[in-house]
Structure formats: C-alpha cells, structure tokens
Amino acid sequence: MSIQKLALKRHTLIANKLLIVMSGLNRETKRDNSYYYEKHSFGLAKNFVDIKWTGSLMKQILAYVAKCNSQGHISIISEQELANTIQCSVRTVQNNNKLLEDYDIIRWDRLWGDYIQVSLNNYLEDFLDLHIKEAADAQNISYTPEMLDKDHNTYTSKGGYTSVSMEVIYQLLAIKNINMLRLALRALYVYESDVNVKKDSEALLSYTEVKHILPKYIGYKAAIKEMASKLSKIFRIDVLEKDDCVKTLLEEKQPRKSIIEKIKDGFILSFNLTGAHDSKKQKEIEKIRGEHAFAQFKNFFKSFGHYSIKKEDIHSIVHEFGLDIIEKSLTSVQRYLQQTYIEESMDAFRPLVHEMESNFFTYIRKIANGYYQAKINAL
DNA sequence: GTGCTGCAAGATTTCCATGA
DNA sequence: TCATGGAAATCTTGCAGCAC
C-alpha cells in the first residue's frame with residue numbers, strides 16, 4: 001500500500017516575514033552606523049519570534065499554509081498524512097500542534113480518528129502580511145488588483161508575500177537538515193525581493209548575510225557551499241568566489257550599492273528558480289495556455305452544443321490544478337464525447353451534452369480533481 | 001477502545017574550546 | 001577569523017499508563 005500524502009495547493013502564498021522568521025533573524029543589526037532589526041522592519045508578531053522553530057515545526061506550518069483556504073482554515077486533515085508529508089512521526093505532529101496552540105499561532109480540534117481541523121490565527125495579518133486599510137486612507141493610496149478582495153476592501157502590506165509553487169513546497173518538506181531548510185527559505189525571500197520586485201536576473205546572498213542568519217557553528221564557507229549544493233533540486237545555484245565574483249557581477253551588470261556590498265565579501269550564492277519552480281511566471285504562462293486549451297475545446301464542442309465559461313473561472317481552474325491536468329481532462333472529455341457519439345445511442349449522448357452545457361466549469365473541475373488526486377498520490 | 005500525557009532512549013542541533 | 005571535534009542541549013519518537 002502506498003503512503004498517502006497531503007494534496008497541496010499548486011501555488012501557495014506566504015508572507016515574506018514568515019520566511020524571514022523561520023529562516024532565522026539576521027543577527028547583524030548594525031549596518032552603516034545605524035541599527036536594523038528584521039523583527040521591527042517586517043512587523044513580526046511576538047509569538048512568531050518567541051517560538052523555537054524546529055525543522056518539523058517549520059515544515060508543519062508550511063504544510064498548513066499550503067493546505068488552507070483563503071480564510072486560513074483547514075476543514076479536515078489527517079495527522080498520519082501530514083506526518084508522511086513532512087517526514088516525521090504522528091507524535092511529533094501532535095506535539096507541534098500543542099506547541100503552536102500554546103503560542104496562539106493555530107487552533108485545532110479533533111474530528112474523529114486521526115482527522116483534525118486546523119485554523120491559522122490572524123491568517124491575513126500573520127501568514128500573508130495583509131492588513132485592511134482604513135476607508136479614509138484607502139482613497140489616497142495606489143494598489144495592485146491582487147490587494148483587493150471580493151468586498152473591495154483595500155489591503156496594505158509591510159513586507160509583502162511571495163507565491164511558492166507546489167513542486168517547491170514538496171521539495172522543502174523533503175529537506176531533512178534544518179540549516180538547509182533555513183537557507184532555502186531565506187533564498188525564496190531574496191528571490192521574491194530581488195527578482196520579482198527589483199527585477200534583477202538572479203537572487204544574491206552574500207557570505208556575511210548567510211553567516212549571520214544561520215547558527216554560528218555552521219556559518220563557514222565550506223559548510224554553506226555544501227548545503228547550497230544540495231538545494232539544486234529547488235534552485236539553480238552558482239557559487240561566485242573571489243575574482244569570479246567581482247568580475248562577473250561588476251563587468252556584466254551595473255550593480256546597486258547593496259549588491260556592491262555583497263560583492264566585497266568575495267563569496268556570493270546566486271539563486272534562480274526555473275520552469276515550474278517559478279510560481280509567478282508559471283501562473284502567467286498557464287493563464288494564456290489555459291485560455292488557448294479551452295478555446296480549442298470549445299471549437300470542437302460547437303458541433304454538439306454550446307456552453308459558456310468565464311475567463312476568470314478558466315484562470316482559477318488552471319491555477320488550481322495546473323495546465324497539464326486541465327489539458328488531460330479536456331482531452332479525456334473530448335475522447336469520451338466522440339466515443340459516446342459513435343458507440344452509444346442518442347439517449348445516452350444527449351444527457352451528457354446537456355450536463356456539460358448546463359455547467360461546464362463544474363463538470364471539468366470534477367474530472368480535473370480526479371486526475372489531480374491521482375497525481376498527488378503518485379508523488 | 002480512543003486519545004492524551006509522561007517518560008526515556010536515540011537522533012539531531014547547538015555550544016564551546018582549541019588549533020591553524 | 002575560520003574550521004573542527006567533543007560535550008551539552010534540544011528535538012523526535014515509541015511505549016506505557018491513565019482518564020473517559
């Protein structure tokens with residue numbers, strides 16, 4: 001019997017401040033004759049700073065964020081499946097839940113057997129870093145569409161959030177070494193900040209930065225290089241040292257002051273996410289290809305009947321299950337329609353077409369969900 | 001029978017002294 | 001300052017006992 005794992009969201013939104021606090025707050029607080037504290041800069045809540053982030057605890061929180069709905073609620077989750085997914089024992093999952101509840105980070109209740117429900121406390125504020133803007137202030141700020149909800153509330157964010165692909169989440173949950181996990185979480189934040197926001201071509205982490213984030217005993221070059229090399233399943237990583245470091249970064253780019261500071265270290269890790277690992281780019285590509293796949297299917301279907309599906313629903317379903325699953329589902333429906341048309345009577349064919357015409361979104365979603373569950377279980 | 005908790009052993013992480 | 005090894009601290013795990 002295969003070990004059951006959790007089916008997680010294809011794209012998980014996670015506050016940068018959560019990545020920062022779990023990776024370890026930077027101990028180098030004095031910079032350029034002034035003081036900088038990540039705790040204050042990111043507006044971290046006391047309970048998130050005070051709790052001791054063990055490896056299993058970090059992975060458990062990542063799994064909860066990757067599983068919950070838009071209100072931070074998980075209506076049902078198996079402790080055994082969670083333990084299988086984050087690669088620890090059920091006892092550790094239970095201990096962690098109790099600890100997280102003591103620190104007022106989650107609430108949980110047992111449903112029956114090993115099934116529980118979990119709510120992430122202050123989900124918007126603490127896990128997405130989104131804060132509702134007062135109505136009076138809202139008129140005076142600019143915002144991106146992503147910062148508006150269905151009720152047209154306006155949100156502000158201090159440290160922002162990043163989108164992490166399902167592939168990357170599963171890779172993070174498989175990491176056994178706590179310092180590798182810390183390094184990966186910090187690299188994801190730097191990638192969001194440097195590549196997605198500042199539009200640099202790569203995310204750079206200097207030796208000094210890594211040294212002050214990881215515990216002192218592990219903060220030396222050989223150990224950092226060793227850990228970085230093992231993260232190649234998630235990132236494309238280049239280690240730039242001494243002459244390489246200066247030449248590559250100074251000759252090929254026009255670096256900002258902050259990058260020049262990193263170059264002075266003479267030892268820099270360069271991180272890049274490619275293909276399906278880059279959640280934001282992946283979402284944009286899938287939107288366009290998804291629309292194309294549905295347009296092709298609609299063209300095929302027009303000789304049998306007519307249905308309508310909103311563009312937003314296409315984006316949402318492609319976002320939820322992924323382009324490969326959606327294409328597979330549409331191909332399967334097309335084949336099934338053709339087969340029924342050829343091999344069955346009109347009495348069997350008509351109700352099928354009618355079901356699709358009445359709510360094609362629900363119909364295709366049901367099929368996609370089946371393929372998706374099978375894909376997750378095969379991981 | 002089920003779920004929770006305390007305990008102890010083993011595993012992992014962190015600290016610290018030391019030498020290069 | 002960096003790298004390392006041994007010691008100490010902490011985390012993880014499974015078992016046993018208790019309450020319901």
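In the text below, chain A, chain B and the rest are named by the order of the sequence lines, each starting its count at 1.
Side-chain N/O atoms of A/R91 include none lying less than 4.0 angstrom from OP1 or OP2 on B/dA8.
Comparing C/dC2, C/dA3, C/dT13 against the side chain of A/Y220 picks out C/dA3 as the nearest. If you check C/dC2, B/dT5, B/dG3 against the side chain of A/Y207, the one that comes closest is C/dC2. The side chain of A/W108 lies closest to B/dC4 when the candidates are B/dT5, B/dC4, C/dT13. Closest contact between the side chain of A/T92 and the listed nucleotides C/dC2, C/dT12, C/dC11 involves C/dT12. Of the candidate nucleotides C/dC11, B/dT5, B/dT13, C/dC11 has the atom lying nearest to any side-chain atom of A/T54. Listed nucleotides: C/dT13, B/dT13, C/dT12. Nearest to the side chain of A/Y217: B/dT13. Picking from B/dT13, B/dG3, C/dT13 the nucleotide with the shortest atom distance to the side chain of A/S89 gives C/dT13.
Residue contacts for A/K216: at a heavy-atom cut-off of 4.0 Å it reaches no nucleic acid atom on any strand shown.
Toward the 5' end of DNA chain B, the nearer of the two residues A/W53 and A/D114, judged by each one's closest nucleotide, is A/D114. Comparing A/K176 and A/Q94, the nucleotide of DNA chain B nearest to each residue sits closer to the 5' end for A/Q94.
Summarising the geometry, the separation between CD1 on A/I218 and P on C/dC2 is reported as 14 Å, rounded to the nearest angstrom. As rounded to whole Å, 8 Å separates atom P of C/dA3 from atom CD1 of A/I224.
Judged by distance alone, with hydrogens and angles left aside, the side-chain atoms of A/D129 form no donor-acceptor pair with the main-chain N or O of A/A15 at under 3.5 Å. No side-chain donor-acceptor contact under 3.5 Å links A/K158 to the backbone of A/F42. The backbone N or O of A/I86 sits less than 3.5 Å from a side-chain atom of A/K59, completing a donor-acceptor pair.
Taking the charged nitrogens against the carboxylate oxygens, A/E355 and A/R350 have no contact shorter than 4.0 Å, which rules out a salt bridge. Taking a cutoff of 4.0 Å between a charged side-chain nitrogen and a carboxylate oxygen, A/K287 and A/E291 do not qualify as a salt bridge.
The only option from A/E286, A/E167, A/E320, A/H319 that meets the side chain to side chain donor-acceptor pair (under 3.5 Å) definition with A/R10 turns out to be A/E286. Among A/N95, A/I106, A/N121, A/N47, the one residue that satisfies the side-chain contact (heavy atoms from CB on, under 4.5 Å) test with A/L100 is A/I106.
Two end axes, each from the C1' atoms of five base pairs, can be drawn for the helix from B/dG1-C/dC20 to B/dA20-C/dT1; they diverge by 20°, to 10 degrees.
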